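Notes follow once the structure below has been shown.
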Amino acid sequence: MTDCNTRIIAPSLLAADWSKVGEEVRRAEQAGADWLHLDVMDGHFVENVSFGPQFVAAVRPHTSLPLDTHLMMTRPDKYLDRFIAAGSDRITVHVEADHDVAETLGRIRAAGLGCGLSLNPATPFHAVVPYLDQIDLLLVMTVVPGFGGQAFMEAETMPKVAAARTFREENGLSFHIEVDGGIDQRTVGIAAAHGANVMVAGTALYGQADMAAAVAAMRG
Ligand code: DX5
Ligand code: ZN
C-alpha cells in the first residue's frame, strides 16, 4: 500500500476520448500514471451523467492500474456492489450523499477495497471528521463536481486540505489526501504544499499530446 507522502498521479477518464477508451486507458498506463480515476456521475447528485458500472467493467481488462472509482451519486450504497463487481480497486463516496456514510464505508472496506470519502467545496471540513479514522483516502473536491475543465477553487478548498493533514498527523492516521478538479502543472504545487498527495487531472493530462511528459511534470 502506497504511503500518504508519495505523490500519486491519477488521470481522470472523464477527459479521455471515449470512442477509443481502451487505447486511452493504455495511454495513461504507458504515460506512467499511478492510478486511473473514474468519475461516475448520476445526473442527480451532480448536474451531469457520465458512466456506470458496465463502463468500469469494460475498462478493467485494459489496464493493471488501480481503478480509483469516484461515485458522485446520491445513492452510492444502492449501486456499491455493482461497482465492486466491475473491478474497482478503491471506491470513494460523498459525505453529502443520501446514505449511511459509516455503513457504506464499512461495506467498501469489507470488500477489501480502498475506502474513500469526498467533500464538495461548500462542505465544511468538520462534516468529514467523524469518519477520518474509517478511510484510507479523503478526496477534497477542488471544483464543484460535474464537469471537467473548471477553475481550481483555491481559497475554498486548500484550508481543508491543510486541516486534513493536521488532523491526520495529530491523530496518527495515514489516509491519502486526494484533490480533483482544475489540477494542472501550476495548481498541483499549491495542492501538494497544503498536504495533498493524490492528484486527479483530466484536462491537464488527457488534453496533452505528450501525456508522459505531463505526468512527469505533475509528479514534480
Ligand atoms: C468533477 C470531476 C472533474 C474531473 C477533473 O467534475 O471529478 O473534476 O475529474 O476535471 P479536470 O481535471 O479537467 O478539471
Ligand atoms: Zn473525481
Side-chain angles (χ1 to χ4, degrees), residues 7-18 21 24-25 27-28 31 33-53 55-56 59 65-74 76 79 83 86 88-97 108 113-123 128 135 137-154 156-158 160-161 176-192 196-209 211 214-215 217-219:
R7 186 166 301 181
I8 291 166
I9 307 300
S12 167
L13 211 52
L14 192 71
D17 176 349
W18 292 9
V21 68
E24 291 284 79
V25 166
R27 181 155 81 100
D34 299 297
W35 298 354
L36 194 63
H37 188 79
L38 303 175
D39 280 312
V40 177
M41 301 178 180
D42 68 356
H44 187 262
F45 183 75
V46 292
E47 292 302 311
N48 193 8
V49 181
S50 59
F51 46 75
F55 185 84
V56 175
V59 162
L65 290 180
L67 299 185
D68 177 33
T69 300
H70 174 196
L71 300 184
M72 289 166 270
M73 306 179 81
T74 299
Y79 298 94
F83 284 101
S88 301
D89 293 279
R90 45 179 54 252
I91 293 178
T92 295
V93 295
H94 272 261
V95 70
E96 305 93 348
I108 297 169
L113 274 64
C115 174
L117 185 61
S118 184
L119 69 168
N120 287 334
T123 303
V128 297
I135 59 175
L137 181 141
L138 180 71
L139 169 49
V140 179
M141 290 305 296
T142 41
V143 295
V144 175
F147 298 88
Q150 300 179 78
F152 181 72
M153 297 170 70
E154 181 170 353
E156 299 88 336
T157 64
M158 289 302 103
K160 291 192 277 185
V161 170
H176 292 288
I177 300 174
E178 183 176 56
V179 287
D180 176 2
I183 301 301
D184 60 22
Q185 302 301 350
R186 178 184 69 86
T187 60
V188 66
I190 298 169
N197 73 295
V198 184
M199 310 298 180
V200 173
T203 309
L205 292 175
Y206 272 110
Q208 306 303 312
M211 194 184 204
V215 168
M218 196 165 278
R219 205 178 289 286

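One-based numbering along the sequence shown. Just so you know, ligand 1 is whichever comes first in the structure, and atom 1 is the first atom listed for that ligand. Fair warning: this is a prediction, and the values are worked out from it, not measured in the lab.
Ring planes of W35 and H176: perpendicular class, angle over 60° (limits at 30 and 60°).
Closest to atom 14 (O) of ligand 1 among all protein heavy atoms lies G182 N, 2.8 Å. The protein heavy atom nearest to atom 12 (O) of ligand 1 is G202 N, 2.7 Å. For atom 6 (O) of ligand 1, the closest non-hydrogen atom of the protein is G146 N, 2.8 Å. Ranking the protein heavy atoms by distance from atom 10 (O) of ligand 1 puts G148 CA, 3.4 Å first. Looking from atom 13 (O) of ligand 1 to the surrounding protein, the closest heavy atom is T203 OG1, 2.4 Å. Among all non-hydrogen protein atoms, the one lying nearest atom 3 (C) of ligand 1 is D180 OD1, 3.5 Å.
Close approach of ligand 1 to G181 (heavy-atom distance below 4.0 Å) involves ligand atoms 8 (O), 14 (O). With ligand atoms numbered from 1 in the order given, ligand 1 contributes 4 (C), 9 (O) to contacts under 4.0 Å with heavy atoms of S12. Interface atoms of ligand 1 facing D39, defined by a heavy-atom separation under 4.0 Å, are 2 (C), 4 (C), 7 (O), 9 (O). The contact set between ligand 1 and V143, taken as ligand atoms under 4.0 Å from a residue heavy atom, comprises 8 (O). Per-residue contacts place A201 under 4.0 angstrom from the following atoms of ligand 1 (heavy atoms of the residue considered): 12 (O).
Summarising the geometry, atom CG belonging to D180 is positioned 6.0 Å from atom NE2 belonging to H70; distances are rounded to the nearest 0.5 Å. Interatomic distance, L36 CG to D34 CG, rounded to the nearest 0.5 Å: 11.0 Å. In this structure, NE2 in H37 is found 13.0 Å from CD1 in I8, a value given to the nearest 0.5 Å. With rounding to the nearest 0.5 angstrom, the CZ atom of R7 is 4.5 Å from the CE atom of M199.
Here the shortest heavy-atom pairing between V140 and K160 reads CG1-CB, 4.3 Å. Across every non-hydrogen atom of S88 and T69, the tightest pair is OG-OG1, 2.8 Å.
Between the E96 side chain and the N120 main chain, a donor and an acceptor come within less than 3.5 Å of each other.
For ligand 1, the polar-atom distance check finds no N/O of H37 at less than 3.5 Å from any of the ligand's N/O atoms. Residue-to-ligand polar distances keep M41 apart from ligand 1: every N/O pair is separated by 3.5 Å or more. An N or O contact shorter than 3.5 Å is missing between L14 and ligand 1 by distance. The shortest N/O to N/O separation between F147 and ligand 1 falls below 3.5 Å.
Two residues are said to be in side-chain contact when any heavy atoms from C-beta on lie closer than 4.5 Å; D39 and M72 meet this criterion. The side-chain heavy atoms of L38 and F51, taken from C-beta on, include a pair separated by under 4.5 Å. Contact check for V40 versus Y79: no side-chain heavy atoms found under the 4.5 Å cut-off. Considering only heavy atoms from C-beta on, D68 comes within 4.5 Å of E178 through its side chain.
Atom CD of E47 has 12 or fewer heavy atoms from other residues, nucleotides or ligands within 6.0 Å.
Applying the side chain to side chain contact (heavy atoms under 4.5 Å, CB included) test between V179 and each of L139, N197, V198, T142 identifies T142 as the sole match.
Contact between A15 and ligand 1 is absent, with no heavy atom of the residue lying under 4.0 Å from the ligand. Taking 4.0 Å as the cut-off, G149 counts as a neighbour of ligand 1 on heavy-atom distance.
Counting only protein N, O or S atoms closer than 2.8 Å to the Zn ion (ligand 2) gives 4.
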